[in-house]
Amino acid sequence: MPGERLTVRTTSEIGRFPGAAPPTRVELTIQNEGEKKREEGGCLWWLRKMCPCCCKHPNATSYDVTDKVEFTKLPTPAAIVDPPKPKPENGEAKETDGKLSVCSVDLLSSKAGQNRQEHHTDLYHGDELILRRGQTFQIEVELNRPFSTDTDKLYLELKTGSLPLVSKGTHVIIPLVKHLEDERWEAKIVEQNGNKIKLSINSPANAVIGLYELTVTTSSLKGDATTTYTSSKNIVMLFNPWCEEDSVFLDNEEERKEYVLNDTGRIYYGTEKQIGARTWNFGQFHEGILEACLFIMEKSEMPPSGRGDPVNVVRVISAMINAQDDYGVLVGNWSGDYSDGVSPTAWSSSVEILRKYHSTNGTPVSYGQCWVFSGITTTVLRCLGIPSRSVTNFQSAHDTDVSLTTDVYLNENLEPIDYLNRDSVWNFHVWNDCWMARPDLPPGNGGWQAVDATPQETSQGTFRCGPASVNAIRSGHVYLKHDTPFVFAEVNSDKIYWQRNLDGTFKQIYSEKKAVGHCISTKAVGSDKRADITSLYKHEEDSEEERIAVETASRYGSKPDVYSTPVAEDVSVEVKVDGEGPRVGADAQLKILVKNLSSQPRQATIHSQVAVMYYTGVLKGTIKKEQMPVELSPNEEKTIDWVLTYQQYQSQLVDQAAFMLTLCGRVTETKQVLANQTTFRLRTPDITITPIGDAVVGKEMAAKITFTNPLPSTLKGVVFRVEGLGLQEGHEVVVGDVGAHSKVTLTEHFIPSQPGPRKLVASLDCEQLSQVHGVADIVVLEQ
């Protein structure tokens, strides 16, 4: 790369983490295969520093771009305000010949104060009063004279939305009482010192969430002198998983820490036999994110009166995260062409996306796929106080005709009929679970609810999905709302093979019962390990309970009689992947295992074809076909080696580097149909991140980031994205072309700004490789 210039794109260009410190220095080295580092003397080094254009190193490229990095502050997102209302300026009281008036109101909103500590909102950026409903909070009111309970009257008002109404719960009148009672808006004087009074205020656990304006009204008991004071600061009300009366209550502190307070997580991808994981920065407490989440609710035009019900809120959020029909947050793109936006695999944080959407007044951000939609949904729900997590389903079916089966249509020669095969099975699909009671459903259907913001099918005319009770999905009760049939088919539909008859009709020839819904995964509570939650979504495969659930669900689908035909099964075929599976740049080697389960010999011809596949289950094209005759002795088990060479697939790769191997055949003696579809991916290399020096707040440290090109060809237009909440501001480093098997070394120098466990995340984006990323855990000490 001699002559090229290392470029660091700053937050002024990509809008990420403006509150963090930028890197103080970025250094890059690319070492080509077989090339050795050369030592140089101090004088030559000094000359090269003083005049780099004249004394450039002949082989390696190393840049010190300390003086080239320019960071400009991201445009401040517009505040979310109601239409202008006449009110006093600067929080001053408006008097009408009154005797008692309010001089000032202190919302006691500092992060270190009692309110935000007790309400678990001290992690949110800023010093606004951020509260959780169903819990008391305190404010201080300064009057022009001491308050007398014998002669004076005082009450508070909270208003939210453009047209606050008492009947809708959006205009709240809070009386002053002697004793506070639960489940109602009330205020009590708990301390009086001269002209100042401290009020303890109670809110009900079903209060509307959102942004409230506060006014304080004072008068005499006779009512002949009224003073109204409007606070210059607003109050934010959120859901409360710590409150037993709140419908999002979660009775486990460790789970609340994970599903509400954790601002980073893991999202899983790949195939069931080669599960990959990447770190995602949810960043729900980051500067501007709460404002962006409230903005999304405003833009959805959901009536404020409906914002007290988490079922309504989640359903609206699942629609607003995608831009398909309502100019929501993120544009989905599965075409492979992301030239006018950001590649979905390049994102590793929700922060930049949400801030960009807010700062552009609701212009959808380009581009995303399922894991990005899920990551943003987790951010928004956690920010609003709803416990949530990202969930990955491997071998995830997409049922297009509400049959609750995944249908594969074959012609007379057992070849797929492409134009009829509308159902698909995605390598993996990522959605969300969120936790809440479901009083709108029969008892037993509360708890985890599936919600999916990826635009796949419409629900009541809008691209959204859920919340669907996970318990209802497990039991096959697909008649319960919302969108339970679609999620059931994703995790537990059978794959039914149909063969066309000579008269054009179809007959069912095979039923594959274990083809869908494997290794359903989420991040474990309190660690970065993977937790398998398949048992929450479905009973054990082939158990009586699982079969009952499938058959119960199918009766509500478009093909209720699909299970009436028994199928003989005495020969089986499956595909095995050794170890962690093949790597990109090398030959893919799999094993086909054929078993004869009968006491008689069996013969069959297996037809195989492999196609490059998008992870959604959409095939790009077949790249290899072959036939394999198989002869089996009684009870024999035979292994067939199957190879796909690098030369056969190198020019065909798409996002996720995935393939589908389809096997079909017929047993000569019994006419039994053999069928199997297996997806596999080519593993991409990891980025290695090595922290250098002590991690202390305010003290410069470094991290060495290394990556080796696994391909025997040049990577074009390589871009690194590096970010770390509390460590350094997110930014891009444009590397350019990286030669075959060359090693890239990037050294980041930065100053940590927040103590505690932190994660430095790096990802690589280029045309030939995707899903290349790395993470380093860094514990930052106080200064």
Side-chain angles (χ1 to χ4, degrees), residues 9 11 13-16 267 269 276 278-283 292 296 299 317-380 390 392 396 398 424 426-432 452-457 463-465 613-618 620 653-658 684 716-721 723 730-732 734 761 763-773:
R9 294 181 190 162
T11 50
E13 299 175 41
I14 62 171
R16 187 173 297 186
I267 296 180
Y269 65 95
R278 65 181 303 163
T279 298
W280 192 269
N281 286 330
F282 299 121
I296 290 170
K299 191 170 175 60
I317 293 300
S318 78
M320 283 300 299
I321 298 304
N322 70 74
Q324 195 77 7
D325 44 27
D326 46 19
Y327 295 99
V329 175
L330 191 64
V331 180
N333 185 342
W334 288 263
S335 70
D337 180 8
Y338 316 116
S339 56
D340 57 343
V342 175
S343 168
T345 59
W347 303 113
S348 57
S349 170
S350 306
V351 174
E352 174 187 345
I353 298 169
L354 288 170
R355 287 178 57 86
K356 186 173 183 180
Y357 181 71
H358 186 199
S359 65
T360 58
N361 199 32
T363 301
V365 180
S366 301
Y367 291 104
Q369 293 179 8
C370 67
W371 63 92
V372 190
F373 287 109
S374 174
I376 296 172
T377 302
T378 299
T379 298
V380 174
S390 291
T392 302
S396 187
H398 183 171
S424 61
W426 297 23
N427 265 5
F428 69 96
H429 181 49
V430 189
W431 61 74
N432 293 83
D452 193 348
T454 301
Q456 297 179 89
E457 300 290 334
F463 280 95
R464 58 186 168 187
C465 182
M613 186 180 70
Y614 294 96
Y615 80 95
T616 58
V618 176
K620 179 185 178 185
L653 291 180
V654 295
D655 282 355
Q656 310 296 332
T684 52
K716 300 288 187 180
V718 172
V719 177
F720 279 92
R721 286 170 173 254
E723 59 186 299
H731 62 281
E732 290 182 347
V734 179
V761 182
S763 63
L764 179 147
D765 185 29
C766 72
E767 183 179 349
Q768 297 94 331
L769 283 179
S770 63
Q771 291 288 20
V772 178
H773 43 79

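Throughout, numbering of the chain's residues begins at 1 and tracks the sequence.
- Every residue two or more places apart in sequence or in another chain that forms a ring pair (Phe, Tyr, Trp, His ring centres under 6.0 Å) with Tyr357 is listed here: Phe295.
- Side chains of Ser350 and Thr379: a donor-acceptor N/O pair is present below 3.5 angstrom, by distance only.
- Between Thr684 and Gln771, the shortest heavy-atom distance links the atoms OG1-O, 3.0 Å.
- Nearest heavy atoms, Asn322 versus Ala453: ND2-O, 2.9 Å.
- Of all heavy-atom pairs between Gly362 and Lys299, the closest is O-CE, 3.6 Å.
- At a threshold of 4.5 Å between non-hydrogen side-chain atoms, the residues Val718 and Leu769 do not count as touching.
- Partners of Ser339 by side-chain contact (heavy atoms from CB on, under 4.5 Å), not counting sequence neighbours, listed by chain and number: Asp337.
- In this structure, Arg721 forms a cation-pi arrangement with Trp347, its terminal cationic atom sitting closer than 6.0 Å to the ring centre and no more than 45° off the ring axis.
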### Query
Passes side chain to side chain contact (heavy atoms under 4.5 Å, CB included), Trp280 versus Ser374? Steps please.
CA-CA 10 Å; Trp280 192 269; Ser374 174; over 6 Å; no
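- The minimum heavy-atom distance linking Cys465 with Ser318 is given by the pair N-OG, 3.6 Å.
- Closest approach of Glu723 to Gly730, counting heavy atoms only: CB-CA, 3.7 Å.
- Under the 4.5 Å side-chain criterion, counting only non-hydrogen atoms from C-beta, Gln456 is in contact with His429.
- Heavy atoms only, all atoms of each residue included: Ala319 and Asp326 are closest at O-OD2, 3.1 Å.
- Among Thr377, Ile376, Thr378, the single residue meeting the side-chain contact (heavy atoms from CB on, under 4.5 Å) criterion with Val380 is Ile376.
- Below 30°, between 30° and 60°, or above 60°: for Tyr269 and His773 the angle between ring planes is above 60°, a perpendicular geometry.
- Of the residues listed (Val329, Val430, Asp452, Leu330), the one engaging Phe373 in a side-chain contact (heavy atoms from CB on, under 4.5 Å) is Leu330, and it is the only one.
- The side chain to side chain donor-acceptor pair (under 3.5 Å) search around Ser366 returns none, not counting sequence neighbours.
- Counting heavy atoms from C-beta outward, Tyr338 and Pro344 have side chains that approach closer than 4.5 Å.
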